[in-house]
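Atom set for the values below is all heavy atoms of this structure, side chains included, hydrogens, waters and symmetry mates excluded. Throughout, a chain's letter reflects where its sequence line sits, starting with A, and its residues are numbered from 1.
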Number of protein chains: 2
Amino acid sequence: MDNVADDLRSAGLRVTAARVAILEQVRTGNHLDAERIARGVRGSLGHVSTQGVYDALHALTRAGLLRRIEPAGSPARFESRVGDNHHHLVCRSCGEVADIDCVVGEAPCVEPSNTHGYAIDEAEVVFWGVCPQCQAQPAGSGSGQPARTKSED
Amino acid sequence: MDNVADDLRSAGLRVTAARVAILEQVRTGNHLDAERIARGVRGSLGHVSTQGVYDALHALTRAGLLRRIEPAGSPARFESRVGDNHHHLVCRSCGEVADIDCVVGEAPCVEPSNTHGYAIDEAEVVFWGVCPQCQAQPAGSGSGQPARTKSED
DNA sequence: GGCACAAACTGGAATGATTCAAGAAAACGA
DNA sequence: TCGTTTTCTTGAATCATTCCAGTTTGTGCC
């Protein structure tokens, strides 16, 4: 299971316990935020500073080993699925994020009706809805905090 | 020019100087953030508290008179174009936001390849690119602060 | 294996956007 | 004009994240 270390090395990053643990954490978890990652890493390594976690997440993201996503209303989340152009599905009730395969596969997969002269390189698609668990449960008893409510409709 | 007051009234909101000024400000401006709105409103009304601006923006958004958008890496922005399902184009360099008409028109305009059991009500599309001004200018001299850089690719 | 230097990590303070709380002021229906 | 309810004010608090300065740790080289 040392391919994590190898991945770090081949990305030009130094191999440290914190980075290995963080990358493993994100690969195992599901769109975790920095705080959850920090907690998980501390569980296996003992102490790691918050700043260390942010530093490592930035380094890993810059190196292309992680992708950072920021659904409106929730802290940044990290995922290890990089290189393909997939999208996300976010639960308005509990904030959970699921991956959605992009039918086109490469960015930008959707064409705007008018570019306004912009040089466009990416079309980010976020689907908003309510996850199966939250649909089944009485309102308000979801596993997390509400992410964003739909105002109009 | 009192249709702003009428709009407030028919949305069930009390008409106050702050709300009128804020709604006019957002209608005139282009995807302004709370701080810019506050500055503009203070220019015409004198003093308005920051909290008052946030309160009013929430009320107007809840009433469906404004829409709140949160492009990754920038504070929340408000727009008065509501009711249609248009999308946005964000400049990675200066953060400027432009509207993009949705070819379908009603949410959700894009269908996911797999819903994972979610009840989906909206597909939010954000196009990322570089605006004409920033393309023309040497890097770093944009009018605002960088919004989000593209890591890979 | 031991060194040196750059890259990482630590602790602590700071920032920016936004929210909470409690009291004062203003809007609007009776 | 009054009373009730909503809105606004001031001031402090929160959350995610970053800045800073000093210390520690990986890694390439001898």
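Under 4.0 Å is where a charged nitrogen must lie from a carboxylate oxygen, and between R27(B) and E79(B) no such pair does. Ion pairing between E70(A) and R68(A) holds under the 4.0 Å rule for side-chain N and carboxylate O. The existence of a salt bridge linking D101(B) and R81(B) is confirmed by a sub-4.0 Å separation between a basic side-chain nitrogen and an acidic carboxylate oxygen.
For Q51(B) against dT19(C), a side-chain-to-base donor-acceptor contact under 3.5 Å is present.
Side-chain nitrogen and oxygen atoms of Y54(A) include none within less than 4.0 Å of the OP1 or OP2 phosphate oxygen of dT18(D). Contact check, H47(A) against dG11(C): a side-chain N or O comes under 4.0 Å of OP1 or OP2. Taking 4.0 angstrom as the limit, R77(B) places none of its side-chain polar atoms (N or O) nearer than this to OP1 or OP2 of dA17(C). Checking the phosphate oxygens (OP1, OP2) of dT7(D), a side-chain nitrogen or oxygen of R19(B) falls inside 4.0 Å. The phosphate of dT18(D) has OP1 or OP2 within less than 4.0 Å of a side-chain N or O from H58(A). For the pair T16(A) and dC9(C), the criterion of a side-chain N or O lying under 4.0 Å from OP1 or OP2 is met. Within the 4.0 Å cut-off from OP1 or OP2 of dA17(C), not a single side-chain nitrogen or oxygen of R36(B) is found.
D55(A) places its CG atom 11 Å from the C1' atom of dC19(D), with the value rounded to the nearest Å. The nearest whole Å value for the distance from the CG atom in L8(B) to the C1' atom in dA26(C) is 15 Å. Nucleotide dG28(D) holds its P atom 13 Å from the CG atom of L13(A), rounded to whole Å. In this structure, CZ of R39(B) is placed 13 Å from P of dG16(C), rounded to the nearest angstrom. The CD-P distance, from E35(B) to dT15(C), rounds to 16 Å in whole Å. Rounded to a whole Å, the CZ atom of R62(A) is 11 Å from the P atom of dT18(D). dA16(D) atom C1' lies 13 Å from atom CG of L57(A), rounded to whole Å.
Checking R42(A) against T50(A) by side-chain atom types alone, a donor-acceptor pair falls below 3.5 Å. No donor-acceptor contact under 3.5 angstrom links the side chains of E96(A) and H116(B), judged on distance only. For the residue pair D99(B) / H31(B), a side-chain donor-acceptor distance below 3.5 Å is found, with atom types taken as modelled.
The residue among R14(B) and A17(B) whose nearest nucleotide of DNA chain D lies closer to the 5′ end is R14(B). Each of T50(B) and V15(B) has a nearest nucleotide on DNA chain C; the 5'-most of these lies closest to T50(B).
Of all nucleotides listed (dT9(D), dA17(C), dC9(C)), dC9(C) comes nearest to the side chain of A18(A). Closest contact between the side chain of R9(A) and the listed nucleotides dC8(D), dT18(C), dT27(D) involves dT27(D).
Looking at heavy-atom distances under 4.0 Å, A76(B) makes contact with sugar-phosphate atoms alone, never a base. Nucleic acid contact for S49(A): base, since at least one base atom lies under 4.0 Å from a heavy atom of the residue.
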